[in-house]
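Numbers restart at 1 for each chain; the letters A, B, ... are given by sequence-line order, proteins then strands.
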Amino acid sequence: MRPPRQEDSSFLGLLINIIFGRRLGERFVSLVACSAVGLAFLVAVLQFLALQGHPEGATVHIAEWITIADLSVPWALKIDTLSATMMLMVTGVSTLIHIYAVGYMHEDVRFQGDPGRYPRFFIYFNLFVAAMMILVSADNYLMMFVGWEGVGLCSYLLIGFWYEKGEDGIGNAIAGKKAFVTNRIGDFGFLVAMFLIFGAVGSLQFEDVFHWAETNGLANVGVITAITLFLLLGATGKSAQLPLYVWLPDAMAGPTPVSALIHAATMVTAGIYMIARSAPLYSVADTSSYVAALIGAVTAFYAATIAVGQFDIKKVLAYSTISQLGYMLAAVGIGAYVAGMFHLVTHAFFKALLFLSSGSVIQGIEHGHHDSEHGHAGGEPFDPQDMRNMGGLRTRMPITFWVYLIGALALSGIPPLAGFFSKDEILADASLENTIVYILLAAAAFLTAFYMGRQILMVFFGKQRSEAAKHARENRPVMTVPLMILAGLAFVGGGLNLPGIHSLTSWLEHTIAHIHVTEFNVMVSVVSVALALLAIGAAWLLYGRVTMAKGDRDPLRSILGPIFIGMENKWWVDELYSALILNPYKRLSRALVVGEGEENEGSEFWEHFVHEIVIGKGYRALAEFMDLTVDLGFIDAFFNSMAGVTAWIAQRLRKLQSGYVRNYALSVFVGVVLILGYFIITAR
Amino acid sequence: MSSQDFIHSIPFLIVVVSASLLLVIDLFIRSTRKTVTAILAAMALTGALVAGIITYGSGGRAFSGMLIHDGFSSFLQLAILVAGLIAIAQAYDYIRRRGIERGEYYTLLLFSISGMMLMASAGDLIVIFVALELLSIPLYILSGFARPQPESEESAMKYFLLGAFASSFLVYGIALVFGTTGTTQLDGIMQPLQTTWTLKPLFLAGAGLILVGLGFKVAAVPFHMWTPDVYQGAPSSVTSFMSVGAKIGGFAALLRILLAAFPHAASAWVPVTAWLSALTMVWGNIAAIAQTNIKRMLAYSSIAHAGYILMAVPATANPAIASEAVNSALFYLAAYGITNLGAWGVVLAMERADGSGLEINDYAGLARRKPTLALAMALFMLSLTGVPPSIGFVGKFFLFRAVVDAEIVWLAIVGVVTSVVSAYFYLRIIVMMYMAEGEFDAGGEPVLNSTIGLTALATLLFGVIPGPLLAIVGQSGLLNMLP
Amino acid sequence: MTIDLAIFIGLALISILTAISMLLSRDAVYSALFLVLNFLAVATLYLLLHAAFIAMVQITVYAGAIMVLFLFVIMLLGPSRDKLGGPFRWQLPVAVILGLGLIAEMALMLTARSDALPAGAAGLGEVFGSPASVGKLLFSEYLVPFEVTSILLLVAMVGAIILTHRGKQKGL
Amino acid sequence: MNVPTSYLIGLSGILFSLGVLGVLIRRNTIVIFMSIELMLNAANLAFISFARMMAPAVDALRGQVIVFFIIAVAAAEVAVGLALIVAIFRNKETVNIDEVNSLQG
Amino acid sequence: MELLTLVTFSPLLGILVILFIRSEQKEVIRWVALITSILTLALSILVFLRFDPTNPDLQLMVNIPWIEVSDFQISYQLGVDGISIMLLMLTAILTPIAILSSWTAIQDEVKNYMLFFLLLEIGMVGVFLALDLFLFYIFWEFSLIPMYFLIGVWGGPRRIYAAIKFFLYTMAGSILMLLAILWLGLEGRHFSLPALLETSASIPQNIQLWLFLAFAIAFAIKVPMWPFHSWLPDAHVEAPTAGSVILAGVLLKMGAYGFVRFNLTLFPHAAVRLAPWMAVLAIIGIIYGAILSFAQRDMKKLVAYSSISHMGFVILGMFAINFYGVQGSILQMVNHGLSTGALFLLVGFVYERRHTRDMSQFGGLWKIMPIYGVLTLVVTLSSMALPGLNGFVGEFSILLGAFESKVLGSYWFGGVAALGVILAAVYLLTMFQKVFLGPVTHDENKSLKDLNVREIICLVPLLIFIFWIGVYPRPFFNLMAPAAEKLVTALQAAAMAVH
């Protein structure tokens, strides 16, 4: 089998763009970038086909990398069913998003006022795909780590793509830094895990490690538990799980294609992929698996509650992503690797779809804003992502509406869309394996459907709540066509692993051992579908109906949340029976927002207070304290004071040198008496 | 007076005789042509130098053992002669600039040199005493040479009074040693000590007082306090010579007495000299930090260096390494002499007719106006600090080696730590010259500059290739002298 | 107590008392005169210790020439009285304590080994300490120090001239 | 005279110490100078006493010879010292040593 | 003439030529200096070509009796092995870059500047090649002087304080080493390292300990290890750019090299026994440097403190006393020289334009100086050990070494040190953010020019190595492996004996 390397093509595109990008203009840049990724997709397809004949896969050795004594880490690619699945997904989605980005970024760079930055975007984008390819095709942990940090770097660069924008002009840059640093904490776990692995196995090659785990695993449960827990720490960083999820909402500062590709479809799933890859280890370490499942489930639920309280269209999706990643983590935690991977793939489809559509919405609104601004002098700050500025876009942007709806339904788990199958498989597994996890996930499923319903209703239904919304218009086909393709995938993605056929299971079986096939569980499906429908209904009751009834709604309505509702008797009855359950949720989600009564999205208690103030400020204060007090005040001062004391003594000695001869004679005499005294003592 | 006597003392005789002659000849040289006196004095020294080289190392005694001629004395006499030549060259321009040019200057210089040479070859305590006076009295006079300048007179007075005070102790010490050993001949003293005379308190007291007298001459703490005042007040050219010559003379006598006469009292004087050394290094180096006048700073520096050389003294007590220790002291004396004369040369070049230009601040920005002079000074400062590649480093290296070898590690540690302290004030000169802005300019007289150039060259050259000098020193060890 | 001892004690007392008096006289002239007395007392001791030549030298050179020189200078510079103390009063007690310390140390040394310093042998001839015997040594073994001493005196002479010669400068 | 040499040395030591004290406590330069002479004189006494003690050994006479040198050297010192005192007096009109302290620090 | 002698003293050629050029002819002087340093580089490459990487021993030895005194002998002894050749090459590469970088930055007294620079190169190369301890010490101390002048004459406002501090600290440490060197020379009456290695095992254990400490203090100050670091920020801040580059790139390596060359080889038992303590200090340095970097406003100071952190890794690695740690440590020396050298260059470039290094004076530079921004980003990433760039390879090996170390005997060393990787990201990204990201807030910055060709030429060689070592470090490991393995094997034998 000829070694197929996707990296080649994306690297090639990267290089061409770095070198020529500036001179050759947008058309060329986008062409190179898209064709590079497209080529990578093609290679992935070829690989997929090749693997049909050799499902056991192959390893392509490229070069030695780090070789010290018995540590030998090569640059080598592992092509097997698991990595091929990821490659297909990544390159496929990437290609679509690249194409979408051609259109989106064309507009974006003009809105933001720096068209010259267009090539840079695709350079980063290509670099990202390359890094992601390294990550998924690595044949050892260290090389995986290369991709792991590489995608983190691209994420950093792309979040801060508009580095002069954001809060105080620096918000985006800070968001990027936050992402990188938070990821580094995870990476620390990954590093330590690698050290532990090497200490135990003497190799970082997957093959060796897994072989060791299978043969000696039971004797080394302790070590493996430690290894897997540290790996889990890495995964929580990369895949935005508790407690390290905080960077992801802020990461929405990047252009929307970035959110779609990196922060929804591909990079954030790396943690899940890594755990799935490490299945042989996790299947030995029950504790770690249990912890993983629990973290996943709690995150899924927790993030969903927050998503309910969001007004920023992308933030809702961001929390939703966290929540869905929680599903996947829970899945791999309970041993349902295939279900996890399955959800990973379908989620990539519909979440990418949702993000891209939201980008379409945002740009539509921006267009509208732009258009409506003509004739008006100046204008107050306008947030094109705030859902309260939207409403009724269904008619202004029909294509976007439909694809968005498909994505939302897929996410909510409405059959027969992709999300239904993948999510149901997880729930079915969870119901068998772990009740707590199941309950949390089911609750999360309900919330998911609720907030997606809320979003759809706020964005596309009701009245257009702003001038911009009134003037919003549909985007060009270069953006809508990828949306439609993704919508199609989100629709039929469930076919990958239909109950009873389990094509994905048997495909992945070649790579991941210990796969257990979970049969379709009618009971679980019914419950989850019912929950979803119930939630959508509730959303409709809350938002859909009221929006239509009330019409021109005060956008500040939600500032006061439940209090506002309490004051407005009009909905008191409506709220009573539906919001009996909702209010506590809303309160809960609101309680996590710093500054009651102030709508400051993205500044949740946990991430704002704990991370920005306690950790960030505290660390800064510590650093300054150490700098001024400890380093200058103590260490430096200690050494300086030795000089100071010496100089002080020197001044004393100077005083002794009084200029009086008789003093000098006395000094001589003192010497005489002392020396004679010493001699007398010696002589005795 | 046999021919043997003559051969073994010829350099000394040449100097002392020509000095006496010069005293007379000078009367016939007009005061505007004192150059002739300088040249004659230099010729005398050169002649002695040649004689010294010819007779180098041929061991023997002269004048009933009063004079000893061996490698040790030869080496030190040559060193003194070289220092003397440099001193004449340095004085030549300087005393003319200061308006104190008189023929007696050179004559007295020659007498002082002869005293130092006598110190180096003395074989009897009484010769040491007489030589010490012959060394000192001309220096007292020279210190007051810039009369009626009050500083010069004051320095002469201080030097004189304290010097006389200290030599009284020396004399009394000699008396006690004589009384307890029955002789003043150095190897004679050793004989009774070897046999029956153990550490008699009176004898030890005598040894201690001798130590005081010589400690005063080499400026060891606490007998050092005259040094800064005298160095500052005396004409710089005198100070330059004094700081080197008197030190060489003092150490010559000290080493010879302790090794030739008192080796068996080592258990008593080893701790004392070690403590003196430590105290001297600490005091000298620390007190130098607070100085603003370059002459005072160099005075303290010379005190500190006396401390370094003193380190070798306790090390000589161990017979196995006595030779090594003495060699290291000799080498260090030479290294210190070269470097210090160079540094004083720069001071001389910087000093003006009215005596200004002696503050360290006056050196600000020298590197821009007189780059070569500044470079030389920087080299001297580094050498005094003991930074390679300079002769000062090699000297310290061998000194420390001897001390470590003698297992007096604490002293070596004091030595290295104070070296670091010393870097502080030596570097300040460099800082001033290279890193500060200033206006003060230096004159440039060819003879003076040539001495600076020569010493700088020697400082660097022997720092890189110390081999030849070390070889000479290696043949001059004190052990050659012992019967 | 032998006569010798009595004479010794008498001379010792004289020399000590004159020394103390020299130390305490406010007027330098008295100091000088007391010092002369002291020298004379010591010269007498020399004489009794079989050092006739040195005793003569002591009287002529020391008590005679040198002290006259002192007196001459004192007279030249005019009378001056000084008090003990000065700008630093602490020096006096410290000096006295240290001086007593030195005396104590001397005493300790002398008593440490009583057998160390016996009296000299009795019955020395006249030859010992005679000018002839001393002179013979001076010009044979001690030729070098002798010559050097003569040079020293020459140097001192030159120095005295240089230091006091007024030349072209204005002075006293 | 025949007394134990220790007595003589004791006397010499006392005279020496008095000389030292004189240097330390007197302010008149000339008296200080005289005190130094006293110290030398004490040393001379020690030499003579030791010579007497060792007599009639050949080496004993050396003590007396040395005293001769010391006296001669003292004379030389006196010449220079008094000249210096005179020179300074011309400048400063004082023989008080404490007033000669412009060089210090 | 022997090749190594030629390499060491080749800058003398330039010095002699420059001495005869009038100081007004600045351009000529610069070219002569540059060409001389390139000549040295060429000679170093020749050394590299003649060097047999499979041989673990010292090669291309020069051994000439130098100072012979009756009972002992000091020789002029040079040699190179897999460890020193890396640092030789580093020095040879960084010097021309440093000279090139001061092309326009230094306008005063160019003649003296270049003289000192070439003198410095002699000292540095000598330190890495000298095998006689006396000779080593001479080069070691000698290298102080030119650097002292470079800081003191061409430095910033507090240059004098910094220069003196630099000199005194380093001298204070090294002079204790001198005593230890003396002690070592007593027994065999010589100071030749290869010969001493054969006899050093017989030194009593407790004396070994003291000697180790005497050497260690000298090297620890130079590295600098916590708590002997406080000269470094001052020296770096005040030094001219090229001085900082050399200081960080080479001079600090002299300390680390000293540890490897002398402490580990001469006193293996002491090294093994003290390894945990050294590692603790190293880790404190890693964390401490990282925290302090974060608090800085001055870019150069930030990079200076980051040096403390990075050099902590180097020390940690070598005292892990296993193959990974030691080899990683040696590689990391080179890495740090490249990355931090490049960072100082970059800071210097912007300082030359704007005459400030206060980060609050910047912001949004990426937009104005895109090339500068990208290059800084790459170097920053290298410094924070992004996989695929050089820093990662070194730090990973070191951390792995520390983690697996039997001598250190605890996972904590590697684990805690790995936290430094997180903190590195914090301070470096903060710097990058403050300088390059955000809007352009100062009008003065709007007219800044992007890097010119000369400046890019300065950086390109460094960048090539940054990528090369990051992606394919094998040649570098191969070069040092035999020597490092020999060293580690001996140390591990000592460890067996101690435990």
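The stretch residues 279-289 of chain B places B/W283, B/I286, B/A287, B/I289 near chain A, each with some heavy atom under 4.5 Å from a heavy atom of that chain.
If you look at B/F262 and B/F203, their ring centroids are closer than 6.0 Å. For A/F128 and A/Y124, the distance between ring centers is not under 6.0 angstrom.
Both the backbone and the side chain of A/L656 come within less than 4.5 Å of a heavy atom of chain B. Contact annotation for B/F169: only side-chain heavy atoms (C-beta onward) come within less than 4.5 Å of a heavy atom of chain A. When heavy atoms are compared at a cutoff of 4.5 Å, A/L676 approaches chain B solely by way of its side chain, counted from C-beta outward. For chain A, no part of B/Y424 is nearby; none of its heavy atoms comes within less than 4.5 Å.
Ring pair B/W275/B/W410 is tilted by interplanar angle, where 30° to 60° counts as tilted.
In this structure, CD1 on B/I128 lies 7.5 Å from CD1 on B/I210, to the nearest 0.5 angstrom. Taken to the nearest 0.5 Å, the CD atom of B/E133 stands 8.5 Å off from the CG atom of B/L170.
A 4.5 Å side-chain heavy-atom check between B/L298 and B/S243 finds every atom pair outside the cut-off.
Of the listed residues A/I675, A/L674, A/V668, A/T646, the one with more heavy-atom pairs under 4.5 angstrom with chain B than any other is A/V668. Ranked by heavy-atom pairs under 4.5 Å with chain A, the list B/P222, B/G208, B/A205 is led by B/P222. Considering only heavy-atom pairs separated by less than 4.5 Å from chain A, the leading option among B/G215, B/A166, B/P271 is B/P271. Heavy-atom pairs under 4.5 Å with chain B were tallied for A/V672, A/V670, A/I649; the largest tally goes to A/V672.
No hydrogens or angles considered: a donor-acceptor pair under 3.5 Å links the side chains of B/D229 and A/Y664. Counted by atom type alone, A/S72 and A/E64 present one or more donor-acceptor pairs between their side chains at under 3.5 Å.
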- So B/L214 and B/V218, side-chain contact (heavy atoms from CB on, under 4.5 Å) or not? Walk me through it. CA-CA 6 Å; B/L214 294 173; B/V218 302; 5.7 Å; no
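In this structure, A/R117 forms a cation-pi arrangement with A/Y163, its terminal cationic atom sitting closer than 6.0 Å to the ring centre and no more than 45° off the ring axis.
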